[in-house]
Amino acid sequence: MATPAPRTASGEGTLPLEPGLAGPEAGAAIQQSNLWKDAWYRYVRNRAAVVAGAVFLLMLAYCIFWPLISPYDPNEVDFSQARQNPSLEHPLGTDSFGRDLLTRTALGGRISIGIGFAATLVILAIGVAYGATSGFIGGKLDNAMMRVLDALYGLPYLPFAIITLAVIGDAGFWSLVIALSIASWLTTARIVRGQTITLKENDYVRAAKVVGARWQRVLVRHLLPNMLGILVIAVFLELPGVILGEAFLSFIGLGIGPPDASWGSMAQEGYRVYRVFPLLIVIPSVAIATLILCANFIADGLRDALDPRTRET
């Protein structure tokens, strides 16, 4: 018996089936897309972002694992091996104290990247708390908090960081984190405030209020998870500025002191002898530039992946 063709809604006439196509079985589950799967699919199509992500992960792995397997002590001084050019024994050469630059660059990257991520997380914590509270409560409190933010925008970033280090009096790891984050959370707070004002008008937020949910629960349970994509992008947007700030402070002598080193302090050491042995300043400078470029490409790729409308426009 032939299968009857499907009829239209009015029952008049029939709708032809395309050859080779069969409709879904009754009761079959419809496959739904996932935000993060779609974002990952769009991200891997961005070749520049994929290459930048791979290089970024390789640099992280190099900084973490190479000092553990390196045959050289990064703090061992041997003037007989000073300022050697790259060779099989020392792939990046040695510094003015005869220390292996490949190992020392990895240790410097640990400190520079560690300070960068730690300061970025502090910036996000302060910015999210301030911006989300201001945008969600609104009214006079929002207006007052934004005027305070406008006043703080007048603070110069690096001079304020230098003053903070002078007040603390100790240029250690956490001192640099505080100095670099204390005046850098303002832009993040504005971004989070704008997102909060937009998201709090959605129906699921109104429904949560109707059933009696407190504003703290609505903020943490409903709004912040929907801002996760923006926060991930903010991490990679803030990271280059923080790393550059640490390098600048270390370059002028306010960073990590010996025997420890960061890429900024290594560049400072290389600046003293750059005419005689330019490799000492080239290596940390290339490492800083590579990390910053990778972070920017990753942030650009994540922005297009999480909000494809930006690419369409």
Side-chain angles (χ1 to χ4, degrees), residues 35-36 39 114-161 163-165 167-168 173-243 245-246 295 298-300 302-303 305-307 309-310:
L35 170 64
W36 295 104
I115 290 175
F117 274 111
T120 300
L121 292 178
V122 173
I123 290 170
L124 285 180
I126 299 174
V128 168
Y130 194 95
T133 303
S134 175
F136 189 79
I137 295 178
K140 294 182 179 180
L141 180 63
D142 177 36
N143 188 45
M145 294 177 73
M146 287 301 102
R147 298 296 75 77
V148 171
L149 209 62
D150 292 337
L152 292 176
Y153 261 112
L155 297 175
Y157 169 57
L158 287 175
F160 197 75
I163 294 172
T164 304
L165 286 176
V167 171
I168 296 175
F173 183 93
W174 292 109
S175 300
L176 284 170
V177 169
I178 294 172
L180 291 168
S181 59
I182 196 169
S184 305
W185 54 272
L186 310 178
T187 302
T188 303
R190 280 193 176 278
I191 294 174
V192 172
R193 172 184 175 268
Q195 286 293 114
T196 304
I197 291 176
T198 302
L199 292 175
K200 74 177 185 179
E201 300 299 326
N202 290 333
D203 291 338
Y204 59 84
V205 176
R206 296 175 179 173
K209 292 180 180 179
V210 168
V211 298
R214 295 186 178 183
W215 70 270
Q216 298 95 328
R217 177 173 175 79
V218 174
L219 188 61
V220 175
R221 179 67 178 83
H222 299 287
L223 295 185
L224 291 182
N226 284 282
M227 287 189 282
L228 185 59
I230 298 297
L231 297 181
V232 172
I233 296 173
V235 169
F236 287 97
L237 287 177
E238 291 287 348
L239 187 63
V242 174
I243 291 178
E246 184 276 328
I298 292 172
D300 187 64
L302 288 174
R303 182 192 61 193
L306 294 172
D307 189 6
R309 292 173 298 178
T310 58

Are side-chain heavy atoms of [X] and [Y] found at a separation under 4.5 Å?
X      : Y      : result
Tyr130 : Val148 : yes
Ile191 : Thr188 : no
Ser134 : Leu141 : no
Thr196 : Met227 : yes
Ile137 : Asp142 : no
Asn143 : Arg147 : yes
Trp174 : Ile168 : no
Met146 : Arg193 : yes

Distance-only polar pair, side chains of Arg206 and Asn202, donor-acceptor under 3.5 Å
no
[X] versus [Y], closest heavy-atom pair with distance:
X      : Y      : value
Leu124 : Ala234 : CD2-CB, 3.9 Å
Phe236 : Leu302 : CD1-CD1, 3.8 Å
Val242 : Leu180 : O-CD1, 3.9 Å
Ser181 : Val122 : OG-CG1, 3.5 Å
Ala118 : Val177 : CB-CG2, 3.8 Å
Ala179 : Ala161 : O-CB, 3.4 Å

Atom [atom1] in [X], atom [atom2] in [Y]: separation rounded to 0.5 Å?
X      : Y      : atom1 : atom2 : answer
Ile123 : Ile182 : CD1   : CD1   : 11.0 Å
Tyr153 : Arg190 : OH    : CZ    : 5.0 Å
Thr120 : Ile115 : OG1   : CD1   : 11.0 Å
Leu223 : Leu199 : CG    : CG    : 6.0 Å
Trp185 : Ile126 : CH2   : CD1   : 7.0 Å

Sole residue of Thr133, Thr187, Leu231, Ile230 in side-chain contact (heavy atoms from CB on, under 4.5 Å) with Val192:
Leu231
